[in-house]
Chemist: 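Quick one: this structure, given as structure tokens, is what I'll be asking you about.
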Amino acid sequence: MSKYLTRLGLLTSLSVILVAAGCGADDDGEDTGDGEAASEYAEEMDYTVTGIDPGAGIMEAAEQALEDYDNLDDWTLQSSSETAMIAEMEEALENEEPIVITGWDPHWKFVDHDLKYLDDPEGSFGEPEDIDTLAREGLQDDHPEAYEILENFEWTADDMAEIMYDLVVEGTDEFEAGQDWIDENEDTVNSWTEGVDEVDGETFEIVHGPWETDLSTVGMMVPVLEDMGYDVELTNVEANYMYSAVADGDVDAMISAWLPNTHGAYYDPIEDDVENLGANMDGEAALGLVVPEYMDIDSIEDL
Ligand code: PBE
């Protein structure tokens with residue numbers, strides 16, 4: 001009951017402000033502007049941002065947004081998984097209902113659906129960042145060939161999105177999708193492996209997170225390393241364990257470190273215990289709140 005009252009209170013004060021600003025509903029209740037529509041959305045969405053797994057860095061950024069924006073005071077962030085979030089989003093799209101999700105780039109969802117990021121004037125989601133490659137200490141001595149390939153590894157958001165699209169939308173196995181990309185991008189892959197000696201069945205371990213971005217990346221890198229003679233083992237864990245696994249030397253490398261913001265809380269404490277081989281994707285990783293295009297709002301402040 002009290003929750004209901006709070007919401008009602010919020011709605012009322014919002015409408016008052018919006019009507020005062022001349023952008024609310026007119027007398028017969030017809031929607032004449034963004035503002036009134038926004039408050040209706042909020043109630044329809046049950047004041048909920050639909051999120052993913054609780055360990056993901058984007059969930060921390062979304063919690064930060066709930067703190068930074070006064071209009072989100074009574075909102076909650078619902079955790080689930082990437083798959084569950086996308087399913088909810090697709091259902092909303094089908095019914096043209098409002099929904100707000102935690103969204104990021106690169107991601108295939110922007111290819112197939114008309115979606116938009118909401119402006120983030122408070123900067124809760126930070127600036128676009130890099131995806132870095134991290135190596136365990138001693139990797140260069142133990143596996144110099146793989147070390148060199150990983151040091152050379154560099155691609156773009158479009159590259160990753162191609163594999164992700166294949167994987168998620170076409171249902172292709174990640175290694176097949178990765179191999180298809182390799183076949184179409186031989187020059188790029190050669191620029192990573194040129195002059196590097198092949199090895200004879202050495203085991204190489206990569207840790208990655210539970211998201212499609214990570215699957216797409218390893219889906220490509222595993223065939224590259226296998227082609228060079230490695231026997232690659234993958235471990236799929238939650239975000240914080242990716243970092244401790246490399247820092248503790250339990251695995252050889254990770255190639256999906258979203259830095260400096262998204263995984264900053266995981267990276268900063270172990271920074272001195274790993275070797276950062278630099279960005280494999282430069283400034284193209286971005287986070288935010290995402291809504292369908294048909295929603296008549298542009299900013300988190302309009303929610
Ligand atoms: N993501 C995709 C992850 C990193 C890769 C943005 C969902 C996150 O930790 O938020």
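Because the structure is predicted, anything quoted here is derived from the model rather than measured. Order of listing sets the numbers, starting from 1, for every ligand and every atom in it.
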Chemist: Any salt bridge between Arg136 and Asp142, counting N to O under 4.0 Å?
Modeler: yes
Chemist: Looking only at N/O atoms, are Thr262 and ligand 1 under 3.5 Å apart anywhere?
Modeler: no
Chemist: Which residue owns the protein heavy atom closest to atom 2 (C) of ligand 1, what's the atom, and how far is it?
Modeler: Thr213 OG1, 3.5 Å
Chemist: Ring-plane angle category for Tyr243 and His263, please: parallel below 30°, perpendicular beyond 60°, tilted otherwise.
Modeler: perpendicular
Chemist: Within this structure, what is the CD1-OG distance for the pair Ile52 and Ser79, rounded to the nearest 0.5 Å?
Modeler: 10.0 Å
Chemist: List ligand 1 atoms under 4.0 Å from Leu287, heavy atoms only on the residue side.
Modeler: 6 (C)
Chemist: Report the distance from atom CD1 of Ile206 to atom CG of Leu150, rounding to the nearest 0.5 Å.
Modeler: 6.5 Å
Chemist: Would you give the length of the straight line joining atom CG of Leu167 to atom CZ of Phe175, rounded to the nearest 0.5 angstrom?
Modeler: 10.0 Å
Chemist: For Ile58 and ligand 1, does the shortest N/O to N/O distance drop below 3.5 Å?
Modeler: yes
Chemist: Identify the protein heavy atom lying closest to atom 8 (C) of ligand 1, giving its residue, its atom name and the separation to 0.1 Å.
Modeler: Gly57 N, 3.4 Å
Chemist: Under a 3.5 Å cutoff, is there a donor and acceptor pairing between the side chains of Gln78 and Glu88?
Modeler: yes
Chemist: Which ligand 1 atoms, with their elements, are less than 4.0 angstrom from a heavy-atom of Ile52?
Modeler: 7 (C)
Chemist: Any idea which part of Ala239 is under 4.0 Å from ligand 1, heavy-atom wise: side chain, backbone, both or neither?
Modeler: neither
Chemist: Mark up the atoms of ligand 1 that fall under 4.0 Å of a heavy atom belonging to His263, in ascending order.
Modeler: 4 (C), 8 (C), 9 (O)
